[in-house]
Structures are given as structure tokens and as C-alpha cells.
Protein chains: 2
Amino acid sequence: MDFYKNEPQTLLAVDCVILGFNGESLEILLVKRGIAPERNKWSLMGGFVYEDESPEKAASRVLKKLTNLEDLYMENCGIFGEPGREERRVVSIVYFALIDATQYRHILSEEYEAKWFPLDKHPKLIFDHEDMISTAKHTLRTKAALYPILFELLPEKFTIPQIASLYECVYNIDLDKRNFSRKLLSSGLLIKLNEKDKENSRKGAFFYRLNMDIYKEKIMSFLRYLPSWSVDE
Amino acid sequence: MDFYKNEPQTLLAVDCVILGFNGESLEILLVKRGIAPERNKWSLMGGFVYEDESPEKAASRVLKKLTNLEDLYMENCGIFGEPGREERRVVSIVYFALIDATQYRHILSEEYEAKWFPLDKHPKLIFDHEDMISTAKHTLRTKAALYPILFELLPEKFTIPQIASLYECVYNIDLDKRNFSRKLLSSGLLIKLNEKDKENSRKGAFFYRLNMDIYKEKIMSFLRYLPSWSVDE
DNA sequence: TCAAAAGTGTTCTACCTACACCCATGG
DNA sequence: CCATGGGTGTAGGTAGAACACTTTTGA
């Protein structure tokens, strides 16, 4: 049978806020748009959702097409569907993706003109893409407050000073690295390696890697107004 | 100009997980589906997104059509777009809505056969609607841990025991009401009224109402690994 | 040997938890 | 006058914030 025959159809797109950490600050990957309208202007990487794929799948596909990377951390962070947001009616689902530092300067597809920009200083973007970045930032902050997802931005081996400066720049704050280090170590999330990073200091900071078992289980939230033991599920 | 002429179009729908609190437990509002396919089976209230409205607007419209209520607390909590989720390809955006207790037994539109069911004991639903409820539950818990949104489920005047039992049933836990009460009062969120609720106990519990100024500002999250003062924005 | 960054120890404080106990009231 | 649920007082513990201090190393 052919249901919903008279219902309106819509152009459905995805746009990706692609974030990376260069060790000092957050950057965002933008592309020069290849199609009209607004051709040759900077924008988020995006694309239309095909009929045989989910929006999430479309976002992965689009991301892979640009970066050649798969299995990135990705999360929906908003839907932009105001009727007037583009010349034609397009509803866009926004995802943010976190790219880890080892793959940071990866081979971008030659097909696109893409470039990393400082997150807080990038060119003007088309349509409502700047709003999309704002919601992505907000979602990232909220999410990172409850779940240890910022590790997705770090290489497999990382030091505590590294992740501290990542937190500093996501939240735009100044951390007491001494207390931060202890808090993090007490979480059980990290496994110490017998190796130091001598690049960035005389003494050198130990490398750690994630304890994946614990990482996956750390789906605990702080429950305001609730006792802290009350986390089930 | 006519852009995107050859791009695929999609049926875009919204589905609403409508939650209410009867003073004892959470309930969900379901409807008997009026159109094929799956006509006459229980489902979430939903509808297609029109060409001249945003998905959010569509959700409000659909919600109002069923309940005659406007300006409910509503939030996106997922997108369901796997190709095989319905007979025909439909991408559905899920919203959850919280209905406050005073409007709880409101006049449902006569157009629909709608009924409140206990959230943890409702009939089988069509398609992936049960998964939608799961993600809504999860989003509600996460959200309510960071923001005081559960007040949306209570009437304008409410007692602390009332909200305590609401928290108990959202998180499926047993609270120490004495400590809960103090914690809540110290938040500055509540304004005490000179009136007691004598319905539910001999002594009677004082009514409170929300301090809206503080309620709106309480967009603070607990930032794991971060000092608590580090909340900006 | 000095500067700089990594990391440890220690104190102070705030808050959370548990629980004893008091309060108000209707039957 | 007592059972019931609302609410306060308080003590002990835990965790965060602040910061002095030690460690490691290259220049």
C-alpha cells in the first residue's frame, strides 16, 4: 500500500560541527561550499539525507567524505527547521563530531576546500551555521560536564596537563592543575604508562591511556537534589 | 532560482511523549491512531511537519490539537530515521512534553481517542514508539539532573512532599524527605506561601511557588572535573 | 644551580548523610 | 492523647579549594 500519499515532503539535510584540539585551543573544520546557493562561501560540512539511510548515517557519510575518518564521536545537537532559514525549505539536523589529536592533521579529501579555523575566530558562515556552532558548543559543555567525552579529542596516549588545558579551553576557565590531576586520577578512568612526554616540559608528564571499561560505564550524572548514590541504570 | 532540484525529499514527522504526574506516579498520554497504517492501535501522538513550520512548531501544533494546551515545556529528545522503521520512509523527530498537574485531567480533544496510562505499564505501541519513550525517559532524567525542569509537572502551588515524590518516581528511588526538603529550600528556588495542603496529612505541608527569576537562571550544571565556580554563561 | 613544570601533602571549609527529635493536627 | 506525616538540629564524614612544598630535569 502507499500510505501518506498526500503528506508534504521535505528536503532533509545534516550539517556537521567538526571540532579538533591542537593542544592549545579548539579548532573547527570548515569547507568552502561547492554548490549553489552561496557557492564558494565558508560553511559547515553538510549534505542531504538519502532515502535509504538514517540522518546519523548521513552525517557519518558526509564526515567520512570530507575527512576519510570513520567511527568518530558524533552526537546530534539540534535541529534547524525554520521555514525561512534558506532560500528553499530545508530542515537540517546538526551533529557535532570530535576528532582526536593524532588524526588531527589528517588527509582531507581533495574534493573539498577545507580548512581548520580557531573556534572563536572563524570566517562568517552562510545561513544559520553560526547558530549551529553555538548550540554545538553548548551541547559539548553540558555533555562534557556529565560524561568524560572530551577524551575523544585527545590521542590514545595523553598527559594530564594536556587534558587539563583542553578542559580549560572548552569552559574558558583557569584550572588548578594540581587539584584537577588528583580528581581525575581518583576517578579510576586513567591507566598510567611508563613513559613521559618530554616535549612540553623539563620534568616531563607521564602518559596515560583510558581505562575503557570504566570509561564506558561512566554514564553517571550528578543528580541535583538527589543523593549521589541514587544512580541506577 | 530553484536549488536542490534533484535532491531526495522525505516525509518528516514529529512524535510527542507526553508525560504527566498524578501525585503518585508518572503517566503517559497515548492515542488510538486514526490513520492507516496501524489504524486503531495505540501510539504516541504525532503528525507530519508542514512546509511552512519548524519541527518544533509542528510538535506544538500537534500537542495543542490533542490537549488544547499551549506553551507546555517541550524538548527534542531524539530523531528516529532508520529506513525500515515504518512501511514508508518517515523520519520522525521526538519531543517530550511535561503537563502540569492542574491541567492534568484537562479536556482532551474529542477528535481523538486518548488515554493516560501508567508510564511503566502501557499497551504495546506501534513502530519504534516504545524506543522513543525510552529515550524520552533518559533525556528527562539527564535534563532534570541539571535543570529544575520537574517543576513543570507540578501545579503552580505545590508542597515539598509532592515534589519529593515526583523525584522519587522519575529516578525510581527512595528519598530522605527531610534532607531533600532542606536542600531544595536552600536553593532559593521556592517561595513559601501562607497556606497549607491539608489533603494529604494531618499536619499539612506548606505550599510553595517557584521563584521564577531564580528558576530561569538556574541553568547551572555540575561540571565534573571542574571547580564549581567555573560556570559561565 | 636555577627556572619551570609536574605532582604530593595538608588544612580549611562546605556540604552531604543519617538520624534523633520536635511540631501540628485530626480522629 | 496518640498516630501520622511535616519539619528542624546536629554530628560525622567526604570531597573540593587553596596553597605550601617537593621532585625532576634541561639549559
Side-chain angles (χ1 to χ4, degrees), chain A residues 23-24 145-146 148 154 157-169 171 173-209 218 220-231, chain B residues 23-24 145-146 154 157-169 171 173-209 218 220-232:
Chain A
E24 275 212 333
L146 294 176
L154 293 170
K157 289 187 320 186
F158 53 85
T159 66
I160 293 183
Q162 270 170 32
I163 186 159
S165 59
L166 174 53
Y167 269 89
E168 287 184 325
C169 96
Y171 291 99
I173 51 166
D174 215 29
L175 283 174
D176 183 319
K177 317 293 187 302
R178 302 164 289 189
N179 289 332
F180 180 82
S181 152
R182 236 176 324 208
K183 207 182 205 170
L184 197 50
L185 287 172
S186 73
S187 72
L189 269 174
L190 305 186
I191 297 170
K192 191 176 195 167
L193 304 179
N194 282 323
E195 193 184 349
K196 276 188 167 184
D197 168 29
K198 299 290 198 122
E199 306 268 302
N200 297 299
S201 73
R202 305 252 153 88
K203 179 175 177 184
F206 277 104
F207 279 114
Y208 290 83
R209 64 180 179 79
K218 279 273 173 179
M220 281 182 19
S221 46
F222 169 72
L223 303 177
R224 185 183 302 279
Y225 304 129
L226 295 177
S228 42
W229 47 262
S230 66
V231 184
Chain B
E24 277 211 332
L146 295 176
L154 293 170
K157 290 187 318 187
F158 53 85
T159 66
I160 293 184
Q162 270 169 33
I163 186 160
S165 58
L166 174 54
Y167 269 89
E168 287 184 324
C169 96
Y171 291 99
I173 51 165
D174 217 28
L175 284 173
D176 183 320
K177 318 292 188 303
R178 301 163 290 188
N179 289 332
F180 180 83
S181 154
R182 235 173 328 204
K183 207 179 201 171
L184 197 50
L185 287 172
S186 73
S187 72
L189 269 174
L190 304 187
I191 297 169
K192 192 176 194 165
L193 304 179
N194 283 323
E195 192 184 350
K196 276 188 167 184
D197 167 28
K198 300 290 198 118
E199 306 268 303
N200 297 299
S201 72
R202 305 251 153 89
K203 179 173 179 182
F206 277 104
F207 280 115
Y208 290 84
R209 64 181 178 79
K218 278 273 172 176
M220 280 183 16
S221 46
F222 169 72
L223 303 176
R224 183 183 304 280
Y225 306 129
L226 296 177
S228 44
W229 46 261
S230 65
V231 184
D232 63 355

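Here is how names work: the chains are called A, B, and so on, in the same order as the sequence lines, proteins then strands, and each is numbered from 1.
Summarising the geometry, the separation between NZ on B/Lys192 and P on D/dG7 is reported as 7 Å, rounded to the nearest angstrom. When the C1' atom of C/dA18 is taken as reference, atom CG of B/Asp174 falls 14 Å away, rounded to whole Å. A straight line from CD of B/Gln162 to P of D/dG6 spans 10 Å, rounded to a whole angstrom. Rounded to whole Å, the distance from CG on A/Asp197 to P on D/dT25 is 13 Å. Atom CZ in B/Phe206 sits about 19 Å away from atom P in D/dG5, given to the nearest Å. Remark: P of D/dG7 and CG of B/Leu190 are 11 Å apart, rounded to the nearest angstrom. Put simply, CG on B/Asp176 is 13 Å from C1' on D/dG9, counting in whole angstrom units. Taking atom CZ of residue A/Phe207 and atom P of nucleotide C/dG7, one finds them 11 Å apart after rounding to whole Å.
With C/dG9, D/dG26, C/dA6 as the candidates, the nucleotide lying closest to the side chain of A/Lys198 is D/dG26. Distances were taken from every side-chain heavy atom of B/Lys203 (C-beta onward) to each of C/dC23, C/dA6, C/dC19; the shortest belongs to C/dC23. For A/Asn179, taking side-chain heavy atoms from C-beta onward, the closest of the listed nucleotides D/dG7, C/dC19, D/dA17 is D/dA17. Nearest nucleotide to the side chain of B/Ser201, out of D/dG5, C/dA18, D/dT24: D/dG5. For B/Ser181, whose side chain is taken as the heavy atoms from C-beta onward, the closest listed nucleotide among D/dG6, D/dT8, D/dA18 is D/dT8.
Side-chain contact check for B/Leu185 versus B/Tyr208: some heavy-atom pair is nearer than 4.5 Å. Two residues are said to be in side-chain contact when any heavy atoms from C-beta on lie closer than 4.5 Å; B/Ile163 and B/Tyr167 meet this criterion. Put simply, the side chain of A/Leu190 reaches to within 4.5 Å of the side chain of A/Ile160, judged on heavy atoms.
In this structure, B/Gly204 and A/Asn200 both approach DNA chain C, and ranking their closest nucleotides by distance from the 5' end singles out A/Asn200. Each of B/Arg202 and B/Arg178 was matched to the nucleotide of DNA chain D holding its nearest heavy atom; the match closer to the 5' end belongs to B/Arg202.
For D/dG7, the OP1/OP2 oxygens have no side-chain nitrogen or oxygen of B/Lys177 closer than 4.0 Å. For the pair B/Lys183 and C/dT17, the criterion of a side-chain N or O lying under 4.0 Å from OP1 or OP2 is met.
Under the 4.0 Å criterion applied to side-chain N and carboxylate O atoms, A/Arg209 and A/Glu195 are not assigned as salt-bridge partners.
In this structure, A/Lys196 satisfies the cation-pi test against A/Phe206, with its NZ or CZ atom closer than 6.0 Å to the six-membered ring centre and inside 45 degrees of the ring normal.
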